[in-house]
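Here it is, the structure in full.
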Amino acid sequence: MARVFSGIQPSGDLHIGNYLGALRRFAREDPDSDAVFCIVDLHAITVPQDPASLRARTVEMANLYLASGLDPERVTLFVQSHVPAHTELAWLMECTASFGELSRMTQFKEKSDHRDFVSAGLFTYPALMAADILLYDTERVPVGDDQRQHLELARDVAQRFNSRYGETFIVPEAVLPTAAARVMDLQEPTNKMSKSTESPQGTVGMLDEPLVIEKKFKRAVTDNDSEVSYDVAAKPGVSNLLSILAAATDRSIDEVASGYTQYGPLKSDTAAAVIELLRPVQARYAELSADPDATQAILARGAENAREVSTPVLERAREAVGLLPRP
Ligand code: AQP
């Protein structure tokens, strides 16, 4: 069975970009794959987090994974910091990745810009991400387009490690979405929709009320002419709406675009499609939130499975590097 691995940081409220680019795809993974999904809390603390919110969001994220359709009987769902092998392998990855390649990561540049304090962890984040993936002998990593460069780095680091120390890691493939690969902010459609940027009107949360969703789409930035066509460079706002509507209704962008001549109906239909898309997820989320012990039990079982799978891979890497076996 092909091993699939992916993760999401509990660094803010999940939005429709996270749902379309990640969570919905996780739930649609081939049932014959062996899937491991992680709540990457150690990545979240590369930027300051309020401790109480981080704890609450970690549980909220577990419930959103489950509400999106992950079956805990079939997949492994766990919290990254519950499996210490991640941080141990991350050190080996930091010693394999170069300062130059980490310096070229565009997400580091974006996230460190305008910050008074930039943590060393934010810089070495991609090495921890490489460890997350390689620890599970992962073959496929479903991620949104924004993670493409980090995935490339994970592949390079795996190949470098293998050529230095002998075949140790499987070199993983990124699997990018065919639709809504990069959902953009509704107010600033040249920026991606993001959990941690301050753009509440431009970000549609997975748990937003229908009325709020409707309002956000109604106010979405488009442009001054009134032609509905898909052209990301010339018409980023309209293209974003078309791409969200296409993904939400599982249609092609061409098919969706041919149905509109005005922005108003495009906005209201996109809002309606997103509300319908999220309705069952929100209902299931409410049920799951009412039973926190059940979620804790799923995470405990997930961590146990994750430790079982990752321990031999970590030992293989330690031995390859020349670290003495643990007494
Ligand atoms: N706008 C997006 N469109 C499509 N996919 C997206 N993803 C994130 N934003 C979009 C995908 O969601 C998963 C979660 O990634 P993450 O938690 O590691 O953080 P991120 O990629 O940095 O996403 P955010 O939401 O912007 O979080 P912050 O603001 O904390 O950095 C990934 O598969 C990602 O591709």
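Whatever order the structure lists ligands and atoms in, that order sets their numbers, starting from 1.
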Next on the checklist: Any side-chain to backbone donor/acceptor pair from T124 onto A127? Under 3.5 Å, distance only.
Outcome noted: no
Checklist entry - ligand 1 versus S6, non-hydrogen atoms closer than 4.0 Å: side chain, backbone, both, neither? => result neither
Checklist entry - Any N or O on M193 sitting closer than 3.5 Å to an N or O of ligand 1? => result yes
Checklist entry - Should A181 be listed as contacting ligand 1, given a heavy-atom distance under 4.0 Å as the test? => result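 Judged by the 4.0 Å heavy-atom criterion, A181 does count as contacting ligand 1.
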Next on the checklist: Can you tell me which portion of Y125 lies within the under-4.0 Å heavy-atom range of ligand 1? Options are side chain, backbone, both, or neither.
Outcome noted: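 The side chain, only.
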Checklist entry - Checking Y263 side chain against D225 main chain: does a donor-acceptor pair fall under 3.5 Å? => result yes
Checklist entry - Salt bridge between D137 and R3, side-chain N to carboxylate O under 4.0 Å? => result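 The answer is no: the pair does not qualify as a salt bridge.
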Next on the checklist: Suppose I only count heavy atoms of G21 and a 4.0 Å limit; which atoms of ligand 1 are within that range?
Outcome noted: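 It comes down to these atoms of ligand 1: 4 (C), 5 (N).
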Checklist entry - Where the side chain of Q149 meets the backbone of T106, is there a donor-acceptor pair that is under 3.5 Å apart? => result yes
Item to check | Under-4.0 Å heavy-atom contact with ligand 1, by part of A22 that carries it | outcome: side chain
Checklist entry - How does H43 reach ligand 1, by side chain, by backbone, by both or by neither, if only non-hydrogen atoms under 4.0 Å count? => result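 Answer for H43: neither.
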Checklist entry - How far apart are the C-alpha atoms of E60 and R57, what are their side-chain angles, what is the distance that settles it, and do they pass the salt bridge (charged side-chain N to carboxylate O under 4.0 Å, His left out) test? => result CA-CA 5 Å; E60 178 183 302; R57 276 190 183 130; 5.7 Å; no
Next on the checklist: Do the side chains of D250 and R24 get close enough for a salt bridge, i.e. N-O under 4.0 angstrom?
Outcome noted: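 The answer is yes: the pair qualifies as a salt bridge.
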Checklist entry - Tell me: protein heavy atom nearest atom 1 (N) of ligand 1, and distance? => result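 Protein heavy atom at minimum distance: V183 O, 2.7 Å.
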Checklist entry - Do any nitrogen or oxygen atoms of G144 come within less than 3.5 Å of a nitrogen or oxygen of ligand 1? => result yes
Checklist entry - Any idea which part of R182 is under 4.0 Å from ligand 1, heavy-atom wise: side chain, backbone, both or neither? => result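 Within the 4.0 Å criterion, R182 contacts ligand 1 through backbone atoms alone.
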Item to check | Identified side-chain contact (heavy atoms from CB on, under 4.5 Å) partner of K195 from the options T203, L14, D13 | outcome: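 Looking at T203, L14, D13, the match for K195 under the side-chain contact (heavy atoms from CB on, under 4.5 Å) is L14.
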Checklist outcome for this item: Checking heavy atoms under 4.0 Å, the part of S11 that sits near ligand 1 is side chain
Item to check | Distance from atom 21 (O) of ligand 1 to nearest protein heavy atom, with residue and atom | outcome: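 For atom 21 (O) of ligand 1, the nearest protein heavy atom is D146 OD2, 2.5 Å.
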Checklist entry - Which residue supplies the protein heavy atom nearest to atom 31 (O) of ligand 1, what is that atom called, and how far is it? => result K111 NZ, 2.4 Å
Next on the checklist: Looking only at protein heavy atoms, which one is nearest to atom 6 (C) of ligand 1, and what is the separation?
Outcome noted: G17 O, 3.5 Å
Checklist entry - Which residue supplies the protein heavy atom nearest to atom 16 (P) of ligand 1, what is that atom called, and how far is it? => result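 Sorting protein heavy atoms by distance from atom 16 (P) of ligand 1 puts K195 NZ, 3.6 Å first.
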Item to check | Closest protein heavy atom (residue, atom, distance) for atom 25 (O) of ligand 1 | outcome: H15 NE2, 2.8 Å
Checklist entry - Does any N or O atom in N18 lie less than 3.5 angstrom from one in ligand 1, N or O only? => result yes
Checklist entry - So does E101 pair up with R160, basic N to acidic O under 4.0 Å? => result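 Answer for the salt bridge query: yes.
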Checklist entry - Looking at H150 versus F108, is the centre-to-centre ring distance below 6.0 Å? => result no
Next on the checklist: What protein heavy atom lies closest to atom 24 (P) of ligand 1? Include the residue and the distance to one decimal.
Outcome noted: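 Closest protein heavy atom to atom 24 (P) of ligand 1: K192 NZ, 3.6 Å.
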Item to check | salt_bridge(E73, R301) N-O dist < 4.0 Å | outcome: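 Judged by the 4.0 Å cut-off on N to carboxylate O distance, E73 and R301 do form a salt bridge.
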Next on the checklist: Salt bridge or not between E88 and R318? Use side-chain N to carboxylate O under 4.0 Å.
Outcome noted: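 Yes, this pair counts.
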Checklist entry - Using 30° and 60° as the class limits, which term best fits the ring planes of F37 and F26: parallel, tilted or perpendicular? => result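 Judged by the thresholds at 30° and 60°, the geometry between F37 and F26 is parallel.
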Checklist outcome for this item: S196 heavy atoms within 4.0 Å reach ligand 1 at atoms 28 (P), 29 (O), 30 (O), 31 (O)
Checklist entry - Is there a heavy atom of M184 sitting under 4.0 angstrom from any atom of ligand 1? => result no
